[in-house]
Amino acid sequence: MEAHAGYRGNDWSPERLLFHQNLESFAERVGLIVGLQANGKLSQEQAYAQIRAIWKELKDSKETLFVGKGPKA
C-alpha cells in the first residue's frame, strides 16, 4: 500500500514518516472492515476484534519507533 499523502509536519523524521504511513494504512484497513461489516460479511464482534488487533499493531509501531526519542509523539 502506498501513502495517500506526503507527511508535511514541521518535525519531519524518518520515524514520523513511517508512523504517518502506518496511520494511513490503519485508517484504510478500518474503512475496509467497516464496509465488510456493513455489508454483512463480518459480524460486529468480528469487526471489533479485527479493528482492535490492528489498533494494537499501530500502537506497537508507535512505541517501537519513538522509544527513547524524547517527548511522546
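A distance of 9.5 Å separates CG in N22 from CD in E57, rounded to the nearest 0.5 Å. E63 contributes atom CD, which lies 10.0 Å from atom CG of L58 (distance to the nearest 0.5 angstrom). Separation of atoms CG (L18) and CG (L23) is listed at 11.5 Å; rounding is to 0.5 Å. Atoms OG and NE2, from S25 and H20 in turn, are 11.5 Å apart once rounded to the nearest 0.5 Å.
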Anything under 3.5 Å between a donor and an acceptor, one on a side chain of residues 41-50, the other on a protein residue two or more places apart or in another chain? List them.
| unit_1 | atom_1 | unit_2 | atom_2 | d |
| --- | --- | --- | --- | --- |
| S43 | OG | E45 | N | 3.4 |
| S43 | OG | Q46 | N | 3.0 |
| S43 | OG | Q46 | OE1 | 3.4 |
| Q46 | OE1 | S43 | N | 2.8 |
| Y48 | OH | R52 | NH1 | 3.1 |

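Across E15 and L65, no two heavy atoms sit closer than the pair CG-O, 3.6 Å.
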